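Here the structure is laid out as structure tokens; the discussion comes afterwards.
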Amino acid sequence: MRIKMWGVRGSIPTPGPDTVEFGGNTSCYEVRCGDALVILDGGTGLRLLGQDLLKEMPIEAWMFFSHVHWDHIQGFPFFTPAFVRGNTFHLRGGVNVSRTLEETLAGQMDYPSFPVHLSEMGATMTFRDLYEGESVMVGPKNDVKVTTARGNHPNGVYAYRVEYQGKVVVYITDSEHYAIVDPKLKKLAMNADVLIFDAMYTPEEYEGQIGGPKTGWGHATFVAGCELAKAANVKRLVLHHHDPGQNDAMVREKERRAQALFPNTMAAREGFVIEL
Ligand SMILES: [Zn+2]
Ligand SMILES: [Zn+2]
């Protein structure tokens with residue numbers, strides 16, 4: 001299994017000199033499981049992944065969307081392989097995360113917001129919304145297992161566990177922590193090799209010592225990520241969905257503080273690859 005980080009920022013892209021180290025593109029991860037290509041979320045990082053995929057067309061990929069807030073779908077209209085006939089994309093989202101995934105992806109490309117409609121994109125697309133707790137087998141050999149769980153986020157969110165030949169990556173984005181470790185997410189993340197977790201805030205930011213309180217906004221702290229990683233016996237924690245207000249120095253500091261709680265932690269950074 002090979003995981004590549006294409007977009008690690010939360011809420012809105014943040015290009016500029018203060019974010020070059022960790023990157024400014026929003027959520028997108030490429031997960032290779034043997035021949036199978038799994039894509040987690042379609043934030044602006046998806047555009048760059050699309051450019052990279054041009055050299056291996058025709059392609060077939062399974063795309064899992066956590067939810068349909070802008071920062072998780074906005075790269076899709078700029079995902080060049082989706083315009084090319086002969087490519088196939090299986091698009092999966094969670095049931096009851098606002099409208100269906102197909103309606104929402106089409107909606108962001110409706111006149112007058114975008115010049116080309118989803119139905120005019122050339123690739124073959126299949127859509128299906130998944131139920132909470134559902135597991136599906138994907139890939140050309142049907143040997144990659146993807147399991148869902150619901151997180152805690154306004155309008156809903158789904159987290160995903162991807163398993164292939166005994167290796168496991170779990171992707172939990174946009175999910176606010178509770179006073180205790182969420183038993184559902186603990187179960188989803190159990191014994192994962194890599195846990196990618198929404199660690200948008202420091203505790204000070206979350207509690208409102210910096211800016212207003214962020215309670216109910218649907219995002220977690222790095223402390224919550226470390227607690228989940230410990231409770232679920234995770235091998236490696238990846239802090240994801242950096243707040244757009246955090247520059248490189250702030251993300252580095254968040255990473256350092258998290259490593260004091262859970263040593264095998266890194267802050268997600270664009271372009272970084274994890275091989276399992
Ligand atoms: Zn988000
Ligand atoms: Zn969101």
Side-chain angles (χ1 to χ4, degrees), residues 5-15 19 22-31 39-49 63-79 91-101 103-105 107-108 129-130 132 148-160 169-178 182 184-185 188-189 195-202 205-206 211-222 224-225 228 237-247 250-251 254 267-270:
M5 307 173 184
W6 290 96
V8 303
R9 185 67 53 173
S11 304
I12 190 167
T14 56
T19 55
F22 293 94
N25 281 295
T26 62
S27 296
C28 182
Y29 288 80
E30 171 189 6
V31 182
I39 299 169
L40 300 170
D41 269 340
T44 60
L46 181 64
R47 185 184 68 82
L48 300 163
L49 170 56
M63 302 180 71
F64 291 84
F65 290 83
S66 61
H67 65 316
V68 293
H69 284 163
W70 283 120
D71 54 320
H72 298 261
I73 62 172
Q74 214 162 18
F76 194 73
F78 298 91
F79 183 48
L91 300 118
R92 305 291 180 256
V95 159
N96 294 331
V97 176
S98 69
R99 292 174 291 166
T100 68
L101 177 66
E103 284 168 345
T104 318
L105 285 185
Q108 76 165 339
D129 287 359
L130 305 168
E132 182 176 7
T148 71
R150 237 180 207 282
N152 175 28
H153 196 60
N155 310 122
V157 71
Y158 272 57
Y160 296 104
V169 57
V170 173
Y171 177 64
I172 301 173
T173 187
D174 296 58
S175 192
E176 189 166 347
H177 54 289
Y178 300 108
D182 185 335
K184 275 189 298 189
L185 297 183
L188 190 80
L195 168 61
I196 301 164
F197 185 79
D198 175 327
M200 188 152 175
Y201 302 130
T202 64
E205 288 167 340
Y206 182 74
K214 310 292 191 298
T215 321
W217 287 26
H219 299 283
T221 63
F222 70 81
L228 175 60
L237 174 64
V238 176
L239 308 175
H240 164 66
H241 209 274
H242 307 309
D243 187 275
Q246 291 171 352
N247 61 25
M250 292 162 88
V251 176
K254 185 168 76 171
R269 58 195 77 201
E270 250 174 63

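For the numbers below, each heavy atom of this structure counts, side chains included, while hydrogens, waters and symmetry mates do not. Note that this is a predicted model, so its numbers are computed, not measured. Start at 1 and go down the list; that is how both ligands and their atoms are numbered. All residue numbers refer to positions in the sequence shown, counting from 1.
Within the protein, the N, O or S atoms sitting under 2.8 Å from the Zn ion (ligand 2) are His67 NE2, His69 ND1, His153 NE2, Asp174 OD2.
Under a 3.5 Å cut-off, the side chain of Thr26 and the backbone N or O of Asp71 do form a donor-acceptor pair.
Shown here are the salt bridge (charged side-chain N to carboxylate O under 4.0 Å, His left out) partners of Arg269, two or more places apart in sequence or in another chain: Glu21, Glu255. By the ring-ring contact (aromatic ring centres under 6.0 Å, His included) test, Tyr158 pairs with no residue at all, sequence neighbours left out. Shown here are the ring-ring contact (aromatic ring centres under 6.0 Å, His included) partners of Phe76, two or more places apart in sequence or in another chain: there are none.
Counting heavy atoms from C-beta outward, Tyr29 and Val8 have side chains that approach closer than 4.5 Å. Side-chain contact between Phe64 and Val31 is absent, with no heavy-atom pair separated by less than 4.5 Å.
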